[in-house]
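When a residue number appears, it is its place in the shown sequence, counting from 1. Atoms considered below: every heavy atom in the structure, side chains included; atoms not considered: hydrogens, waters and symmetry mates.
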Amino acid sequence: DIREVMEEKNWDTWLDAFTAMTQFPPHVCEVLSESLRKLEQSDGFDTFCDALHNYEVSGSCGAFIEVCSTAAARAQIHPYTAYALFCIGMAKTLRKFYEKRGIPQQIWLESMCDLRYKVQLCILINHVVGTHIPEWFVGFFELKRFAFGRLQFEPRPFWLDQYTKNGKSVYKGDPVIFVHIPRTFTPLDYSAVCEAYDRAADFFKKELDNIPLAFVCESWLLDPVNKKLLAPDSNICRFANDFDILRVDENQQDRFCDMWRIFNMEYTGNVGDYPENTSLQRAYKAYLSAGGMTARGHGAFFYEPDRFSAH
């Protein structure tokens, strides 16, 4: 029973329950369990637990990255693994926060699945079970970011001067809903994208105080070059087509900065080292080999309730 597990002080019980709910692969669970045992036997575990207690009391993640790094060194485990274990510990408290606020537990579960995605990504890129971007999770654990199926969303102030379309406008500083596209290792299915917009709109609409609900995004997925490299009916192009592109920032200093998202590896200094396993990889490798510039697009659109219902 999940409520019994929630009251358990036994770390192993919670780790097993959480990784089962979020469908971590068995070999990853084994590494996490072994790392937890080392952590529990080290002299850094009390400080680790104190930091978790502080989160339970304050709702703030605090300096958890520094705490985890120190604890990892004392336990002789990788800091990336310690970051993941700490986030799994916070997930238990976050579930209680959701209950107190009346937020459906399904949203908690979908949000916490991002831990699995990031661990899988860390294994792919760094060959380590853990997460190399622990700061990313602060938005989830401080109740600022939520997942609805395929996408993730968080309210933010609009950062451009103005966006106007069909008689609706948002201005700099107005609340808008920022869209994140997590690497889930599944296709960016457009019907799932539409469902996510509908669910997010229903969740956030009360916070906007009669300001039009605008979804905004900043991503390499909104780089206009994608429409030249990919088929019009590709998932990436269908996602991008919903947005009005308001600004494009070229990656002048490092045109390879987002390419790990496509090639599952950091740039080695040689484009030829990039794999060609997918049509996306092949298209981008050819483009980069020809000296092509990459960019991030800034886009927005106003939500209309019937816009996505057909999908």
Can you find a pair of side-chain heavy atoms, one from L160 and one from K172, that are under 4.5 Å apart? no

Are the side chains of L115 and I88 in touch, meaning some heavy atoms are under 4.5 Å apart? yes

If the test is side chain to side chain donor-acceptor pair (under 3.5 Å), which one of Y284, W220, Y287 qualifies with N226? Y284

Donor-acceptor pair, side chain of T19 and main chain of L15, under 3.5 angstrom: yes

Can you tell me how the ring of Y80 sits relative to the ring of H132, calling it parallel under 30°, perpendicular over 60° and tilted otherwise? tilted

Salt-bridge present (R247, D249; N to O < 4.0 Å): yes

Close aromatic pair by centroid cut-off 6.0 Å: F203 and F146: yes

With a 4.5 Å cut-off on side-chain heavy atoms, are V128 and T81 touching? yes

So do the side chains of E304 and K168 get within less than 4.5 Å of each other, counting heavy atoms only? yes

Value for CG (N54) from SG (C61), rounded to nearest 0.5 Å, stands at 11.5 Å

Roughly how far, to the nearest 0.5 Å, is CD of Q76 from CG of L39? 12.0 Å

Residue D43 excluded, over 12 heavy atoms near CG under 6.0 Å: yes

The single option from R199, R116, R150 that satisfies salt bridge (Lys or Arg N to Asp or Glu O under 4.0 Å) with E110 is R199

Say you draw a straight line from NZ of K205 to CG of N210; how long is it, rounded to the nearest 0.5 Å? 12.5 Å

R238 vs L188 side-chain heavy atoms within contact, under 4.5 Å: no

What distance separates F239 CZ from L221 CG, expressed to the nearest 0.5 Å? 6.0 Å

Taking it one step at a time, do Y83 and F137 satisfy ring-ring contact (aromatic ring centres under 6.0 Å, His included)? CA-CA 10 Å; Y83 301 150; F137 292 101; 9.9 Å; no

Check the pair D258 / S219 against side chain to side chain contact (heavy atoms under 4.5 Å, CB included), numbers first and verdict last. CA-CA 9 Å; D258 281 320; S219 174; over 6 Å; no

A71 to G44 - nearest heavy-atom pair and separation: CB-O, 4.0 Å

Under the criterion side chain to side chain contact (heavy atoms under 4.5 Å, CB included), I'd like the reasoning laid out for N166 against F302: C-alpha separation, chi angles, the key distance, then a yes or no. CA-CA 9 Å; N166 296 332; F302 288 110; over 6 Å; no

For the pair S279 and Q281, evaluate side-chain hydrogen bond (donor to acceptor under 3.5 Å, both in side chains) and give the outcome as yes or no after the intermediate values. CA-CA 5 Å; S279 58; Q281 289 176 344; over 6 Å; no

According to a hydrophobic-cluster definition based on side-chain heavy atoms being under 4.5 Å apart (Ile, Leu, Val, Met, Phe, Trp, Tyr only), do V248 and F158 belong together? yes

Residues A201 and Y303: closest non-hydrogen pair is CB-CE2, 3.4 Å

Using a distance-only test with no angle check, is there a side-chain donor-acceptor pair under 3.5 angstrom linking D244 and Y163? yes

For L151 and E195, what are the C-alpha separation, side-chain angles and deciding distance, and is it a side chain to side chain contact (heavy atoms under 4.5 Å, CB included)? CA-CA 9 Å; L151 302 176; E195 180 185 356; over 6 Å; no

Could you tell me how the ring of F256 sits relative to the ring of Y274: parallel (under 30°), tilted (30 to 60°) or perpendicular (over 60°)? tilted

Transitively linked via ILVMFWY side-chain contacts under 4.5 Å: F153 with F141? yes

Under 30°, 30 to 60°, or over 60°: which ring-plane class applies to F301 and F243, parallel, tilted or perpendicular? perpendicular

For D198 and P305 the tightest heavy-atom approach is OD1-O, 4.2 Å

Any carboxylate oxygen within less than 4.0 angstrom of a Lys/Arg side-chain nitrogen, looking at R37 and E34? yes

Ring centroid separation F178 to W159 under 6.0 Å: yes

Donor-acceptor pair between S191 and D189 side chains, under 3.5 angstrom: yes

What orientation do Y197 and F215 show, parallel under 30°, tilted 30 to 60°, or perpendicular over 60°? tilted

Are the aromatic rings of F86 and F48 close, with centres under 6.0 Å apart? yes

Are Y117 and I236 connected, step by step, through hydrophobic side chains (Ile, Leu, Val, Met, Phe, Trp, Tyr) whose heavy atoms are closer than 4.5 Å? no

Can a donor-acceptor pair be found, under 3.5 Å and without considering hydrogens, that links the side chain of N241 to the backbone of C237? yes

Result for side chain to side chain donor-acceptor pair (under 3.5 Å) between H180 and one of E154, E218, Q152 points to E154

Compare all side-chain heavy atoms of R156 with those of P175 and state whether any distance is below 4.5 angstrom. no

Which atoms form the tightest heavy-atom contact between A214 and V170, and what is the distance? CB-CG1, 4.3 Å

Hey, could you give me the OG1/CG distance between T47 and L52, rounded to the nearest 0.5 Å? 11.5 Å

Give the cluster check for L280 versus L121: same hydrophobic cluster or not, with ILVMFWY residues linked at side-chain heavy-atom distances below 4.5 Å. no

Donor-acceptor pair, side chain of T294 and main chain of R255, under 3.5 angstrom: yes

If only atom types and distance count, is the side chain of S58 paired as donor or acceptor with the main-chain N or O of S60 below 3.5 Å? yes

Could you check if a side-chain atom of I65 sits within less than 4.5 angstrom of a side-chain atom of C68, using non-hydrogen atoms only? no

Taking C-beta and beyond as the side chain, do V216 and H298 meet within less than 4.5 Å on heavy atoms? no

On a heavy-atom basis, which atom in C122 and which in G130 lie closest, and how many Å separate them? CB-O, 3.1 Å

Quick check for you: to the nearest 0.5 Å, what is the distance between C217 atom SG and L222 atom CG? 4.5 Å

Lys/Arg-Asp/Glu bridge criterion (N-O < 4.0 Å) met for E276, K285: yes

Side chain to side chain contact (heavy atoms under 4.5 Å, CB included) assessment of Y98 paired with S111: CA-CA 11 Å; Y98 270 56; S111 297; 3.6 Å; yes

ILVMFWY cluster, I107 and F204 together (side-chain gap under 4.5 Å): yes

R296 bridged to D223 by N-O distance under 4.0 Å: no

Please find the pair of heavy atoms, one from A283 and one from L229, that lie closest to each other, and give the distance. CB-O, 4.0 Å

Are any side-chain N or O atoms of R145 and backbone N or O atoms of W136, one a donor and one an acceptor, separated by less than 3.5 Å? yes

Test item: side-chain donor near acceptor, Y55 and D50, under 3.5 Å: no

